[in-house]
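Residue numbers start from 1 in every chain, and the chains themselves are labelled A, B, ... in the order their sequence lines are given, proteins ahead of strands.
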2 protein chains.
Amino acid sequence: MVNRKTQKKGRDTQPRGRTVRHLRADAQRNLDALLQSAMAVFATSGVHAPVRQIAEKAGVGVGTVYRHFPQRSDLIVAVFRREVDACVDAAAVLAAAHKPGEALTRWLQRYVDFISAKRGLAAALHSGDPAYDTLPAYFQKRLRPALETLLDAAVAAGEVRSGVKPDDLLRAVASLSAPAHDGDPTHARRMVGLLADGLRYGAKS
Amino acid sequence: MVNRKTQKKGRDTQPRGRTVRHLRADAQRNLDALLQSAMAVFATSGVHAPVRQIAEKAGVGVGTVYRHFPQRSDLIVAVFRREVDACVDAAAVLAAAHKPGEALTRWLQRYVDFISAKRGLAAALHSGDPAYDTLPAYFQKRLRPALETLLDAAVAAGEVRSGVKPDDLLRAVASLSAPAHDGDPTHARRMVGLLADGLRYGAKS
DNA sequence: GTATAAAACGGAAGGCCGTTCCGTTTACTC
DNA sequence: GAGTAAACGGAACGGCCTTCCGTTTTATAC
């Protein structure tokens, strides 16, 4: 790694910071196409969809899929992480566009949408495959600070009560989003709406 | 079906009542062996265990498995139904051996054990496979009357409060048994114990 | 521009699994 | 004991995940 045959400068002039080592242009392109394809296929056919199908939709061979994601589960995990990240990013956007209380409410609904849509996730998480063991921790690690920021701002603005812990709220919303017992898809949204209103009650105290 | 070649009476002398049509002795034996084998294999290797493995442990060929259970999911469903039945039967045993309140509490713990142990079930139920769609209804249909009997007896004896619906109790206990978040296996038992004590509070009113 | 090495690609092939099929065996009836 | 339908067993098929390696593409050196 220290001295390679023919390589004096090129991209390695400023690489010390991290072991970034940029992907080749085609590799990066295929990686993006794969994640996008996988997201679409999982959404329509579920997480059990064949890898071949994802590869085909992305316009690559299966070998390329396994170059980027050694196991099928790695691809699934990558997709979920990306969607969590999108949910986290939405917090900043909402905070910039709305008053604190409104931003909080809207983000909770956004979170419900994420949980509800990705019900295939539950199947993966409960499958017993240890490949997914790190996902819940990642969820917590990324989502909690995002919610915390929104929550703190809303409390500071006197729009919601204080004393509610972000973790509890995340868990409660996830639980409410869980069953969809009778096949009523609006149930979760309604219950969480109720919960959000509950937060406002007793504000400015 | 009406007139078959050579069959004048034999077992068909008293078959009108139902379409029972007893299985041949070896078939019945293999069926029992299969269910027992499947229960054991699912418990140790999860519901994803190969059918071949179950067949081998039962000492039969895979063809025999598929003769009794046309689909792999049929075998899984049969095992779960059998375990639900065992849980239901336990209600009568407990009711005969203990005072009503005690019987109720013990049965709830028995129910927790069932739910917790069969966590593989969650994976199957959330897999999206419609083969499992009828299972929840079966659970409800069998478990509710069993719990109802215990509950009514306990209420009549003045040992627990009235006004608690069996369905709500079943659902609540199932929810409490669900996550096992941090890997604490006693959590569910403790919470349900609490719940059972709560039932006793305010009795004889 | 050309040469060269490394990186990345693609798809055939291997292995496992669910399911089907059919020749053989077994359990009942007379 | 003979006959017949039920039941059996395992080879074979198709689909899937994963590996492997010859070929192609990119990035760099000259």
message: Any carboxylate oxygen within less than 4.0 angstrom of a Lys/Arg side-chain nitrogen, looking at A/Arg52 and A/Glu56?
response: no
message: Nearest to the side chain of B/Asp26, heavy atoms from C-beta on, is which of C/dA8, D/dC17, D/dA7?
response: D/dA7
message: Please report the distance, rounded to the nearest Å, between NE2 in A/His22 and C1' in D/dT28.
response: 16 Å
field: Whole angstrom value for the distance that separates P of D/dC16 from CD of A/Glu56
entry: 12 Å
query: For A/Val62, which contact category applies under a 4.0 Å heavy-atom criterion: base, sugar-phosphate, or nothing?
result: base
message: Quick test of your reading of the model: are B/Arg24 and B/Asp26 salt-bridged, counting only N-O distances below 4.0 Å?
response: yes
message: I need the NE2-C1' distance between B/His68 and D/dG9, as an integer number of Å.
response: 12 Å
message: So which atom in A/Ala38 and which in A/Leu75 form the shortest heavy-atom distance, rounded to 0.1 Å?
response: CB-CD1, 3.9 Å
- prompt: To the nearest angstrom, how far is A/Tyr66 atom OH from C/dA13 atom P?
  reply: 18 Å
- prompt: Nearest-Å distance, CZ (B/Arg29) to C1' (C/dC28)?
  reply: 13 Å
message: So, under a plain 3.5 Å distance rule, would you say the side chain of B/Arg24 forms a donor-acceptor pair with the base of D/dA7?
response: no
- request: Report the distance from atom CD of B/Gln53 to atom P of C/dC17, rounded to the nearest whole Å.
  value: 9 Å
query: Which pair of heavy atoms, one from B/Leu94 and one from B/Ala103, lies closest together, and at what distance?
result: O-CB, 3.6 Å
- request: Would you please name every residue forming a ring pair (Phe, Tyr, Trp, His ring centres under 6.0 Å) with B/Phe139, sequence neighbours left out?
  value: B/Phe114
field: Presence of donor-acceptor pair under 3.5 Å, side chain of A/Arg72 and base of D/dT18
entry: no
query: So which of residues 36-52 of chain A are in contact with DNA chain D, with a heavy-atom cut-off of under 4.0 Å?
result: A/Ala49, A/Pro50, A/Val51, A/Arg52
query: So how far is it from A/Arg200 CZ to A/Arg161 CZ, rounded to the nearest 0.5 Å?
result: 12.5 Å
